[in-house]
Amino acid sequence: MVPGGYEPPGTIARSGRVHHGPVSTDGAWWLPPEPTPSQSSQPSPSRWERLKRALAPLAGLAALLVKLKSVLFLGSLAVSLAAYAQLWGWRFGAGFAVLLLVHELGHVIALRLRGIRASGLVFIPLLGAFTSWKPQERPAHHDAETALAGPIAGTVGALAALGYADASGSDLWRALAFTGFLLNLFNLIPLVPLDGGRVANLVYPWAWGVIGVGLVGYLIVRPEPLVVIILLLVGYELYTQLRNPDAAARAATPPEQRLRLTWAYLALVVVIVVCMHATYAERHLR
């Protein structure tokens, strides 16, 4: 120890520890040195900064989930494209996948208009595709409108294919248009989990009779095996509604909403059947 109570930095005190700064002159040499101005501690982080640090792992997890959804969507699309190309050739297979995507985007848009984010859009090879969203309490006619938005968008996509077929004279695009119309008519079958099954309970029973008569007329002109199946399921739905009506869903839905859904469903079926008749032709897919 040198006079004045200062121990040069780097010297060894009696305790055997190395001191690097001033020590007390009262003999309390074991106390830690007081920080100099250059050694003053940094200001503690604010509450907002601490919150951001705490949520950083969650943000990373959310980004990972988004990437996984994208990978699942793109992967299922690629597998479906490969399967359809193997069956029908790559041009028709790609066009069919696009028609499926347009149909599903109709559901996504309808959900977003109601402030609901779709939680997934996945292709199922050889079976189609589906859009999922988080379940929540909402009126029955909201679900019915979301379900109906898919076939509406899909029909618009098939009409676009038909317009290009007429402009270019392409039999391939005409075949795609017919397939698109048939696909959306199939989705209107009043059977869960198809789109029509989510609308059927709110459609007035008299509409099923009109649809049945129309499908019988179509079969007389253009025999189509799938239309026979659709007709049988429509008849079964009419029978079910007459025997066991879903009184709760109907009671909770205003009559004007039911009438609007009934006319939309009926008009969509009529448009699809008429367009199927107009696009019926021998198929040359490759």
Side-chain angles (χ1 to χ4, degrees), residues 65 69 72-73 76 99-124 127-158 180-212 215 229-230 233-273:
L65 291 176
K69 288 181 182 179
L72 183 61
F73 167 73
S76 63
L99 290 175
L100 285 175
L101 179 60
V102 171
H103 175 105
E104 296 304 321
L105 288 177
H107 297 309
V108 173
I109 293 172
L111 289 170
R112 293 304 300 269
L113 289 176
R114 294 198 179 278
I116 303 172
R117 184 181 296 274
S119 57
L121 196 167
V122 179
F123 284 81
I124 305 176
L127 294 178
F130 74 92
T131 302
S132 60
W133 60 91
K134 293 181 179 179
Q136 54 183 288
E137 292 293 333
R138 57 181 186 150
H141 68 273
H142 286 186
D143 281 332
E145 290 168 358
T146 300
L148 205 57
I152 290 175
T155 301
V156 172
F181 293 128
L182 185 60
L183 169 70
N184 288 282
L185 182 63
F186 179 81
N187 268 278
L188 288 173
I189 292 176
L191 184 68
V192 177
L194 298 176
D195 297 328
R198 302 180 185 277
V199 185
N201 288 330
L202 301 182
V203 172
Y204 282 105
W206 57 262
W208 300 116
V210 175
I211 292 172
L215 291 178
I229 297 175
I230 295 173
L233 291 173
V234 166
Y236 177 76
E237 177 61 27
L238 177 60
Y239 171 79
T240 301
Q241 286 200 23
L242 292 176
R243 285 181 57 87
N244 302 301
D246 190 348
R250 294 178 181 179
T253 305
E256 61 271 15
Q257 294 288 354
R258 286 192 63 193
L259 189 61
R260 186 180 298 115
L261 283 169
T262 299
W263 280 113
Y265 187 95
L266 184 60
L268 187 57
V269 171
V270 170
V271 168
I272 290 175
V273 170

First locate atom CG of Leu202, then atom NE2 of His141, and finally report the distance between them rounded to the nearest 0.5 Å. 9.0 Å

Heavy-atom nearest pair, Thr253 first then Ala140, reads OG1-CB, 4.2 Å

Go through the structure and list residues passing side-chain hydrogen bond (donor to acceptor under 3.5 Å, both in side chains) with Arg114, not counting sequence neighbours. His142, Glu145

Asn184 and side chain to side chain contact (heavy atoms under 4.5 Å, CB included): which partner among Thr155, Val271, Val102? Thr155

Measure the spacing between CG of Leu183 and CG of Leu188 and express it to the nearest 0.5 Å. 10.0 Å

Is there a donor-acceptor pair under 3.5 Å between the side chain of His107 and the backbone N or O of Ala149? no

So CG of Leu268 and CD1 of Ile211: to nearest 0.5 Å the spacing works out to 9.5 Å

In chain order, what residues pass the side-chain contact (heavy atoms from CB on, under 4.5 Å) check against Tyr204, with sequence neighbours excluded? Trp206, Pro255, Arg258, Leu259, Thr262

Closest approach of Gly196 to Tyr265 (non-hydrogen atoms, all atoms of both residues): CA-CE1, 4.2 Å

State which residues pass side-chain contact (heavy atoms from CB on, under 4.5 Å) with Ile229; sequence neighbours excluded, sorted by chain then number. Leu226, Leu233

4.5 Å side-chain heavy-atom contact, Arg198 and Asp143: no

For Leu191, does its backbone N or O pair with a side-chain atom of Tyr236 as donor and acceptor, under 3.5 Å? no

Note, Leu101 side chain near Phe123 side chain (heavy atom, < 4.5 Å): yes

Close side-chain approach of Leu148 and Asp195, heavy atoms under 4.5 Å: no

Nearest 0.5 Å please: distance from the CD atom of Glu104 over to the CD1 atom of Ile109. 11.5 Å

Distance col, row His103:NE2 vs Asn187:CG, nearest 0.5 angstrom, shows 4.0 Å

